[in-house]
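To start, the structure itself, in structure tokens.
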Number of protein chains: 4
Amino acid sequence: MKMIGVIGAGSCNNEVYELAREVGVGIAKMGTILVCGGLGGVMEGACRGAFEAGGQTVGILPGHDRTHANPYVTIPIVTDLGHARNVLIIRSSDLLIAISGGYGTLSEIGIALKLGKPVIGLSTWPNIKGIQYVATAEEALNAALASG
Amino acid sequence: MKMIGVIGAGSCNNEVYELAREVGVGIAKMGTILVCGGLGGVMEGACRGAFEAGGQTVGILPGHDRTHANPYVTIPIVTDLGHARNVLIIRSSDLLIAISGGYGTLSEIGIALKLGKPVIGLSTWPNIKGIQYVATAEEALNAALASG
Amino acid sequence: MKMIGVIGAGSCNNEVYELAREVGVGIAKMGTILVCGGLGGVMEGACRGAFEAGGQTVGILPGHDRTHANPYVTIPIVTDLGHARNVLIIRSSDLLIAISGGYGTLSEIGIALKLGKPVIGLSTWPNIKGIQYVATAEEALNAALASG
Amino acid sequence: MKMIGVIGAGSCNNEVYELAREVGVGIAKMGTILVCGGLGGVMEGACRGAFEAGGQTVGILPGHDRTHANPYVTIPIVTDLGHARNVLIIRSSDLLIAISGGYGTLSEIGIALKLGKPVIGLSTWPNIKGIQYVATAEEALNAALASG
């Protein structure tokens, strides 16, 4: 496995942020590159965890300004494609970990399952057939390892 | 209201096809342009209904070949963007009618609700907050008229 | 031939605008759909000519707001893709007529020639191998007819 | 300066390949990330040079298959956007070095100049206002350093 995508809410409470951060740490420790949308909330939490653990973090940004990336993105990709950039996050990832999230995350889950990518769900949209639901960051990371 | 998007399964049984066709007829009779992904199943049913009622049908195609459009598309848009073209269907529509559908439709529902577009659901993904669920083509068309 | 693209400067002097308008009239009279970027300058001139002659005009817009289309666009496609939407104009057209234009037009000419689409040039970037250069709107329309 | 894009022909002779490779070495030695389209020819030459000098190389791929990246891409971005991905290469780069190249490169030069990004040209499309033409890889790298 080369790249793991983390998708989730662009703004979130501290608990969800720390969950994302823990997932990010684990991704970096696997030696895997983290891919995300490059902005705040879950994206920032995950990037921060990975960054602080010495990992690489790709942020595929919707806008035209690199400085909108969170400070823990090491590889910013500037798309200016708006929400269409969601597809690139999914396409570039071997599997996705969805953490919390609203309608944008729902659209990413839809694309991921359409493309047959494994989706591991943590406190995210319930009752979607195809998502492997887990309860903790550790379980998410174990599921990622097992699927790869 | 200028353009109504119809989203749904790319292949479907005859009952769903006829449902989509009935919706297409209604959209054309409103004098509104139908927007869809331009392929088969629900997309073809809807285009066919609109086309046979004298309406305009825009097909925003994922591939690079115009001939992949169903025969009832009057305005084919060739994107070669793959699933990223889903966002264009949503962006170009004033409201969406979702009929049946799988993961691709789920991703379109997510984008539509993210962008604050009304989504009318007919035999589609259940229990998604924000979708206005209806039971018949007629109810879908009435809901579209009411929201416009 | 089903669709002809007109590419060119987003703002232009009156002479170039009238040239584009004359081309637009001719496209509509061929019974062909006009495709363009949907904004001002050459795009507006061409749409206006086609619209006033009773034709259909597709405007593939870079932004997220349909109201940014010029008033002569009958089929607005809202992409929110920025300059990436240029590729869709080329992909959707059977041939391109380039009128005047700056760097954006140059990028569209590049994509068109890359994809093997005929490009007819009118007061546009000189000395590009592959462009069929003409001197008047009438010559451009005749060249379009001959190629199709 | 954080990221430098290298654009050019997807297949090329050995001389151009070595030119691109020399440019890639220099980009890595600056501590800058190399961005390109991720495929063969100039893209591969540049990635190889950067990779062999220990640098990071981003390949923004047009297709849906990561394995189509050349073997020297360390960060593959899978877009499935076809030629529309060209815009992302330009958007993600602080400046561009164009080496040789055909119509695809011409389209990238157009987008780059449209967006006001510096373009350094090496054996590429001649006589385009806005390109800073140089004669050697060393001059290209010096021009990049000077502009940053």
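Convention: sequence-line order gives letters A, B, ...; per-chain numbering from 1.
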B:E52 meets the salt bridge (Lys or Arg N to Asp or Glu O under 4.0 Å) criterion, sequence neighbours left out, with B:R21, B:R48

Residue pairs meeting salt bridge (Lys or Arg N to Asp or Glu O under 4.0 Å), one or both in residues 125-148 of chain A, sequence neighbours left out, come to none

Cut-off 4.5 Å, heavy atoms of chain A, and the answer for B:R91 is side chain

Looking only at B:L81, B:I128, B:L106, B:T105, the option with the highest number of non-hydrogen pairs under 4.5 Å against chain A is B:L106

Turns out that what part of B:L115 lies under 4.5 Å from chain A's heavy atoms comes down to side chain

d(A:S107 OG, B:I109 CD1) to nearest 0.5 Å is 11.5 Å

When the 4.5 angstrom heavy-atom criterion is applied to B:N86 and chain A, the contacting part is side chain

query = With side chains defined as the heavy atoms from C-beta onward, is the minimum distance between A:N127 and B:N127 less than 4.5 Å?
reply = no

Looking only at heavy atoms, the pair that brings A:H83 and B:I111 closest together is CB-CD1, 3.7 Å

